[in-house]
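Okay, so here's the structure we're looking at.
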Amino acid sequence: MSLPVRVRFAPSPTGYLHIGGARTALFNWLFARHHGGTFILRVEDTDTARNTQAAVDVIFQGLRWLGLEWDEGPQTSDPAGPSRGEFGSYFQSQRAGVYRRRLQELRDRHLAYDRDGAVYFRMTREPIAIPDLIVGDIVRPLTDREQADPDWVLWRSDGQPVFHFVNVVDDLEMKVSHVIRGEDHISNTAKHLALFRAFGVEPPRYGHIPLILNEDGSKMSKRDRGAVVTNYEDEGFLPAALVNYLALLGWSPADGQEQLSVPELIARFDLDRVNRSAARFDVKKLEALHFEHTRRLDPDAYVAQATPYLKRAGLALDSYPLAYVRAALLTTQEKGKRFRELPLWCDFYFTPDEAVTFEAEASTKALTPAAGPMLIQLSQAFDAVSEFTAAGLEAALKQRAAAAGVKVGALVQPCRVACTGRLVGPSLYHLLEVLGRERVRARLVRAAARCGSGG
RNA sequence: GGCGCGUUCGUCUAUCGGCUAGGACACGGCCCUCUCAAGGCUGAAAGACGGGUUCGAUUCCCGUACGCGCUACCA
């Protein structure tokens, strides 16, 4: 590893960022960060019919959400816009001159020639050995078709260079040291190696990583929800959790530790512990990691992450004092839920007392005729509490239960439903404290009246 | 069809010839408990198949099956 590490992620802007592409980007990024190298973003936008600036934005947004900042590459999604790095442009659509120059170079050396209006590469007739950092050394003999005619097209008759050519030229020009990409490119590598040889330069080192499959083992297509990175953002997964999960698909640290922060991943990631076999995507495990990462978040970060999702869901957070919003959200942190489902756990904080709605099952189970008087008594007991805190409220409620000769649960559930409208939610005493004396009183009284009427 | 890559509990994985095959997620049971959880303890669960090599194979080699990739003037 004498040369400086330079790796690249080279997506084609097709309108979405594939989860497999995201993991390829992640492995490249981790490898670069681990070795103090450079992570390059290059946009392969040669398909002018399909590629749009909006599609480029989707990729940028996905990478940024995951925290995969690039050291070299475009600064804006406009192909003609500015870029960072000395080897730009980083949009293939802007690099026609480079490709033409390189093509001429091959022609001058009689390694490229015209046939039927296209330019062909004079491919080696020998089997090609592909050294791979992950799969091991592979020898790929020529296929029967290649035996008959090993040469292949570099430049189409319509005036466009082909993928294999621009890919190699760019890796060469951008001084890429390691190519980490999906194993679907493993056979293509023979062509790429031959091209590097034709240019008379040392090829990069290759590492082909296995594919990601659906949960049922089928191939992921763009139609699969789980294949699209934005869906994970919409669902409210923590990016650090997705990064952690993705890293574990095909790679594992020597000691088997599974919860890893991004800095830990950077410190420990390397190619020698990457697998060779395809892995299925298991949302349950992602959820488990999301749970762990979420609980470990510092309170301010948790509030900052959760807030946009709740606003998007229509909760009027802005109508409440910041301290109240913060306290309310923090009662949900230990639940470790996806942010998308957070409204189920905290919408009652942001609902006027008279507008709390009771779920049908909650109402029948907890707001029984017998519960009415108990709620009134509980309300009075809470009024008598000097400090309206979780500890004080817990003591008061337990005292009330003992005095009434009922189990604590017989009081807890009616109280919870009265205040939240639901049977599940954050810790009761904590949510009462956050709601405060006035709101709690109003809700208990209102629900008590409802008990009498039989729902 | 040809060539290449892959194959350990349901899932992700550990194992670099000695394994009573370990961990995590998911699942079952028990405990704890203000709901749902979480947490603690615990249970069930794997080496695709067939040959070799070896004192000994999950580990090395070959074959078969299955999956995937490439085999384009797609990327």
Side-chain angles (χ1 to χ4, degrees), chain A residues 10-14 44-47 50-51 92 115-120 127 130 132 134-136 138-147 152-164 166-167 182-191 208 210-213 215-219 245 248-259 272-273 275-289 291-292 295 332 334-337 344-345 362 365-366 390 393-394 397-398 401 407-413 415-417 420 422-432:
Chain A
S12 188
T14 54
E44 307 216 331
D45 60 339
T46 50
D47 189 341
R50 277 198 307 177
N51 301 155
Q92 288 188 334
R115 186 206 292 177
D116 303 329
V119 184
Y120 277 71
I130 304 169
D132 190 289
I134 293 165
V135 184
I138 303 158
V139 176
R140 205 193 80 113
L142 283 85
T143 65
D144 48 2
R145 207 196 74 90
E146 289 167 341
Q147 295 279 7
W152 46 274
V153 172
L154 290 168
W155 205 284
R156 287 194 285 268
S157 51
D158 68 0
Q160 290 293 316
V162 304
F163 160 76
H164 300 297
V166 295
N167 194 266
E183 70 173 6
D184 49 329
H185 283 296
I186 212 162
S187 297
N188 292 333
T189 307
K191 287 180 176 174
H208 288 92
L211 273 22
I212 297 180
L213 272 25
E215 296 202 70
D216 64 1
S218 62
K219 276 188 296 182
Y245 179 68
L248 257 24
L249 277 188
W251 172 85
S252 65
D255 65 1
Q257 186 184 333
E258 299 211 319
Q259 287 167 44
D272 57 359
R273 291 193 61 85
N275 273 168
R276 299 116 303 216
S277 54
R280 302 180 188 207
F281 196 99
D282 181 6
V283 184
K284 287 279 173 44
K285 185 128 185 181
L286 205 213
E287 281 175 340
L289 285 170
F291 171 82
E292 300 292 350
R295 303 179 94 207
T332 67
E334 63 168 9
K335 302 297 177 184
K337 297 290 178 183
L344 279 168
W345 296 80
K365 275 193 176 168
L393 293 164
E394 178 169 5
L397 184 142
K398 285 185 171 166
K407 284 191 288 188
V408 173
L411 237 43
V412 164
Q413 282 305 72
C415 182
R416 171 183 299 285
V417 173
T420 72
R422 292 199 169 90
L423 285 165
V424 302
S427 162
L428 178 68
Y429 309 117
H430 291 90
L431 77 84
L432 292 176

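Because the structure is predicted, anything quoted here is derived from the model rather than measured. Convention: sequence-line order gives letters A, B, ...; per-chain numbering from 1.
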Item checked: Distance-only donor-acceptor check, side chains A:S218 and A:D216, under 3.5 Å -> yes
Touch check for [X], heavy atoms < 4.0 angstrom, all strands: base, sugar-phosphate only, or nothing?
{"X": "A:R295", "answer": "sugar-phosphate"}
{"X": "A:D184", "answer": "sugar-phosphate"}
{"X": "A:L211", "answer": "sugar-phosphate"}
{"X": "A:H208", "answer": "nothing"}
{"X": "A:G409", "answer": "nothing"}

Margin query: Counting distance alone, no hydrogens or angles: does the base of B:rC36 have a donor or acceptor under 3.5 Å from a partner atom on the side chain of A:K335?
Written below: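 By the distance-only test, yes, there is a pair.
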Item checked: For the student: nearest non-hydrogen atoms of A:Y245 and A:R280, plus distance ->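 Looks like OH-O, 3.7 Å.
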Next item on the list: Give a yes/no on whether any side-chain N or O of A:K337 is located under 4.0 angstrom from OP1 or OP2 of B:rA37.
Entry: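 No, outside the criterion.
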Check: Are any of A:K219's side-chain N or O atoms less than 4.0 Å away from OP1 or OP2 of B:rG69?
Finding: yes
Notebook entry, point to check: Which nucleotide, B:rA75, B:rA38, B:rA26, lies nearest any side-chain atom of A:F291?
Noted result: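 Of the options given, the side chain of A:F291 lies nearest B:rA38.
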Notebook entry, point to check: What string of B, S and - do you get for nucleotides 2-13 of chain B, 5' to 3', when a contact is any protein heavy atom under 4.0 Å?
Noted result: BSSSSS---SBS
